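Note sheet for the following structure.
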Protein chains: 2
Amino acid sequence: MSKGVTKQSEDFPKWYTDVVTKAELADYSPVKGSMVIRPYGFALWENMKAALDNMFKETGHVNAYFPLFIPKSFLSKEAEHVDGFAKECAVVTHHRLRATADGKGVEADPDAKLEEELIVRPTSETIIWSMYKKWINSYRDLPILINQWANVVRWEMRTRLFLRTTEFLWQEGHTAHATAEEAEEETLKMLEVYRKFAEEFMAIPVLTGPKTESEKFAGAETTYCIEAMMGDKKALQSGTSHNLGQNFAKAFDVTFQNENNEQDLVWATSWGVSTRLVGAVIMAHGDDKGLILPPKIAPYPVVIIPIFRDDTKDAVMKHTEKITESLKSAGVIFHLDLREKMSPGWKFNEWEMKGAPLRMEIGPRDAENDAVVLARRDTGEKITQNIGKIGEFTANLLNEIQNAMLEKAKIFRDDNTFDIADYDEFKQRNESDGGFYRAGWCGSEECESKVQEETKATIRVIPFDENPSGKTCLLCGKKAKHEVVFSKAY
Amino acid sequence: MSKGVTKQSEDFPKWYTDVVTKAELADYSPVKGSMVIRPYGFALWENMKAALDNMFKETGHVNAYFPLFIPKSFLSKEAEHVDGFAKECAVVTHHRLRATADGKGVEADPDAKLEEELIVRPTSETIIWSMYKKWINSYRDLPILINQWANVVRWEMRTRLFLRTTEFLWQEGHTAHATAEEAEEETLKMLEVYRKFAEEFMAIPVLTGPKTESEKFAGAETTYCIEAMMGDKKALQSGTSHNLGQNFAKAFDVTFQNENNEQDLVWATSWGVSTRLVGAVIMAHGDDKGLILPPKIAPYPVVIIPIFRDDTKDAVMKHTEKITESLKSAGVIFHLDLREKMSPGWKFNEWEMKGAPLRMEIGPRDAENDAVVLARRDTGEKITQNIGKIGEFTANLLNEIQNAMLEKAKIFRDDNTFDIADYDEFKQRNESDGGFYRAGWCGSEECESKVQEETKATIRVIPFDENPSGKTCLLCGKKAKHEVVFSKAY
């Protein structure tokens, strides 16, 4: 711990792994592709989860829980869906182990082979729509606005902590509606919840809009996304909201009696974000010293480190108590680091690495002067402040940090976003500098996949604020149907 | 919905299933043995979870997340552990599906067979202790006080909603300590947290103490439990806390350097409660009308049903608003049932079935009289109350209901707990009346299993307040080593 991390400029992926492991956010597990989320990383996720859950409930959603296992045959019911997920799923074939012949180990018991194999859910549309068939009869049963917090499994060959793991934690909303309009409205409403959450809590600005046909969810009519820029100027898809049309209602035969007494197929949406967002926070804000956490989701927005020797302990601790009392009254969450075996300098380094937004140093001189030193993690600035109304002062400063982090990330993204029309220039700059490139696109999958082949950049989003008029396709030069954003991505 | 439930006296198991499904707590899923927790049931579980999580954090614990999958070989490392769990676990053998030859379905792809099968966790001691080995070097790394909220899978042949399902949700605490004393202290501390939670939140009195050798957790030195009486006078094991000694440290070779610079094996505990507790709440309090929920964990402690016609709507709704404002100021959580298609009578029945602790009926006459009618679910009592300080009045009444429910459950349990010394009398009464029987026991597994064979009653707990002196074994008549509690159980 606290031995420092690789520099971002030297090796960004290594910097990332260093930060995740040294700041004790997560660790590799003995199960290939699965990680362990350690307490500090889990506390960060819990804060993100609580904020999101609150926003879901405010928009009328309720939580429920559906089975981990999905009968194999369910996956096949929606043709695109099975194509999208069959290649990467964990298959349960037996329900018992028995001792091996040599008595030294265990093996799957052949007598306990399942009649129908079970799939560990990669996503829950199929199991949930099999239940919606049971629950939906009439328009009076609609809408259903259910969210689930769960673990899902997608077998990944190349994994990276938080960003791509075989098992991950996420939420998946699954809603059922009486009309196409209502489903589209819901899809966009939840995209807006994700945008708001990304910007207001994670301090990460995002682009919003639909994905292209080739990038959409397996089984969706339209997939909308929020797309963020990381510190290495690559894109990270941070959340998706799908309008599923009547595809799953068709697959599971879910009809309802509408207000005109006619039978109609139900309209569906689904939407999700995952522990991948922890990776987004790390890569959008971190620096060469480690993590920088936004105050609203940091496990400890403030870390207090008293500095004393035996003869100054009483004075310093009395002073510290005054400060913590004031923080409590102001509703500021803090952590008092009283570990005796570590030096103050060691603690400074550790909390810098762990990204605590604000560090308070309290020494004997501060006690004498009724003061405290506040060190901002985002700017490195140190502020000496009188402790009168220190709670209120700190709460305001945390807000300021939260806003400054979003502003900084916005400037970084905008500085690295380029309007471009010339394909050769794009290829060169994308290769050397990375970044987001707004360009015209004719709408053909051919041009889209050719760009990807040649540059590794993909169309991340067709931004809502696109302006294709007068533009031509970056590749073929034909009239642009859309203005899109190209970028290399995670 | 609201068609009423089977009477408890007629058929208690059927009453239970009726309540669970008709009150929309849970539903059967298409996956054998797995259930769907519906929004109302999940909201109940969320409230229980939040209260427990708070108590865990107050006692110094932090949350983390470990992998769902456990390598097969890990299970075998602790001999008793593998014996306890191998017979009921889901085995993942493949990581991909492929299309069947006829193109109509999918099957496990033989080319994607795993080198080592993975077990879906039935409990996480093995995967967690494999990580503790990595994290623990010195006494400075101890204690580790980690809890995990997770889903686990134990293949059950005979399942019952909430009480015994193949997949269930739970929390599992896993702690590591430097000394045997500290581990025992932790084991008992968490048992006490469970007791407090059961009594103060679920309003269920519990017996506490160790299990016998034959009933303890596979891999534990001692298993302590909280044991509750259900409405049919059977016992429900509601939570367990295990002192694991050094068994898992031995199995995973987890040593640490102690303060004397010697290598020593780490001491362990684990403790858990599950969604089974939802079943406990249902069966401890419910009656022939359905659920009765304790106010502290009810999704809606108060349900408000305005009653009006077109000409009285304005007055009633204005009056309702005054009441809800007052409830909000007093911090009372309520649900305003404004569904237009259902009659007030229908709503009364539904919320009775769903166990809302307090129902408020607000009609035109109440608006005129500045009054409101409160109907207690636990006693059926109706109270007409002036709406001055109605928030405060309601908060106090909810507390009163919470206490009354615990008191009622205590009296029921005590009335159905018998001191007994004569085996024949025990057999007869246990058969006809059920209940808890406090009796002497010589301590032999032989007598224990014989009683079970002949009466289906097991030793539920060796209660902390046992008084074996002067007692003889219920079966063999020898001097009693312990006073124990016999009962039929879930």
Side-chain angles (χ1 to χ4, degrees), chain A residues 27 29-31 34-39 41-43 45-46 62-76 82 86-99 104-108 112 117-120 127 130-131 134-135 140 146 150-151 153 155 166-167 169 341, chain B residues 27 29-31 34-39 41-43 45-46 62-76 82 86-99 104-108 112 117-120 127 130-131 134-135 140 146 150-151 153 155 166-167 169 341:
Chain A
D27 201 351
S29 89
V31 184
S34 291
M35 67 172 177
V36 173
I37 307 179
R38 300 188 71 171
F42 200 81
W45 172 243
E46 277 185 314
V62 289
N63 289 330
Y65 188 77
F66 296 84
L68 171 69
F69 297 138
I70 298 178
K72 190 184 66 177
S73 58
F74 279 34
L75 263 196
S76 319
V82 68
K87 281 170 200 150
E88 49 176 36
C89 60
V91 188
V92 177
T93 55
H94 294 74
H95 64 79
R96 192 164 63 220
L97 294 169
R98 66 173 188 189
K104 286 184 183 158
V106 285
E107 62 189 6
E117 291 96 323
L118 296 172
I119 309 308
V120 181
I127 190 84
S130 80
M131 296 307 297
K134 222 171 145 177
W135 298 341
R140 285 186 208 88
I146 283 182
N151 54 342
V153 169
W155 210 271
T166 290
E167 181 191 5
L169 304 183
K341 300 214 164 63
Chain B
D27 201 351
S29 88
V31 185
S34 292
M35 69 172 175
V36 173
I37 308 179
R38 300 189 71 172
F42 201 80
W45 172 242
E46 277 185 314
V62 288
N63 288 329
Y65 188 78
F66 295 84
L68 171 69
F69 296 138
I70 298 177
K72 189 185 65 177
S73 58
F74 280 33
L75 263 196
S76 320
V82 68
K87 283 171 198 149
E88 49 176 35
C89 61
V91 189
V92 177
T93 55
H94 294 75
H95 65 78
R96 191 162 64 218
L97 293 170
R98 67 174 186 188
K104 286 182 184 160
V106 286
E107 60 189 7
E117 290 96 321
L118 297 171
I119 308 308
V120 181
I127 190 84
S130 79
M131 296 306 298
K134 223 172 146 176
W135 298 341
R140 286 186 208 86
I146 284 183
N151 53 343
V153 169
W155 210 271
T166 289
E167 181 191 4
L169 303 182
K341 299 210 167 65

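Computed from a prediction, not measured in an experiment: that's the story for all the values here. All values below come from the heavy atoms of this structure, side chains included, with hydrogens, waters and symmetry mates left out.
- Residue B:I146 touches chain A through its side chain alone, counting heavy-atom pairs closer than 4.5 Å.
- Most heavy-atom pairs under 4.5 Å with chain B: of the set A:E88, A:R98, A:K134, this distinction falls to A:K134.
- With a threshold of 4.5 angstrom between heavy atoms, B:V91 approaches chain A through its backbone and through its side chain.
- The candidate with the highest count of non-hydrogen atom pairs below 4.5 Å against chain B, out of A:I70, A:V153, A:V62, A:N151, is A:N151.
- Counting heavy-atom pairs under 4.5 Å between each of B:D27, B:I119, B:T166, B:V82 and chain A puts B:D27 at the top.
- Below 30°, between 30° and 60°, or above 60°: for B:H95 and A:W155 the angle between ring planes is below 30°, a parallel geometry.
- Ring pair A:W135/A:F66 is tilted by interplanar angle, where 30° to 60° counts as tilted.
- Of the two parts of B:S130, only the side chain, counted from C-beta on, holds a non-hydrogen atom closer than 4.5 Å to a non-hydrogen atom of chain A.
- If you measure heavy-atom distances from A:V92 to chain B, the contacts under 4.5 Å come from both the backbone and the side chain.
- Note: B:R38 CZ to A:N63 CG = 15.0 Å, rounded to the nearest 0.5 Å.
- Counting heavy-atom pairs closer than 4.5 Å to chain B, the top residue among A:S29, A:P39, A:A43 is A:P39.
- The contact between B:R140 and chain A is made entirely by side chain atoms (from C-beta outward), counting heavy-atom distances below 4.5 Å.
- In this structure, chain A has a heavy atom under 4.5 Å from the side chain of B:E167, while its backbone stays farther away.
- Using a 4.5 Å heavy-atom threshold, the side chains of B:F69 and B:V120 count as touching.
- How far CD of A:E46 is from CG of A:L169: 10.5 Å, rounded to the nearest 0.5 Å.
- When the candidates A:P71, A:A90, A:S34 are compared by the number of heavy-atom contacts under 4.5 Å with chain B, A:A90 comes out ahead.
- Contact annotation: the side chain of A:P30 approaches that of B:M131 to within less than 4.5 Å [non-hydrogen atoms, C-beta and beyond].
- Of all heavy-atom pairs spanning B:H94 and B:A108, the tightest one is CG-CB, 3.8 Å.
- Judged purely by atom type and a 3.5 angstrom limit, A:K72 uses its side chain to pair as donor or acceptor with the backbone of B:V106.
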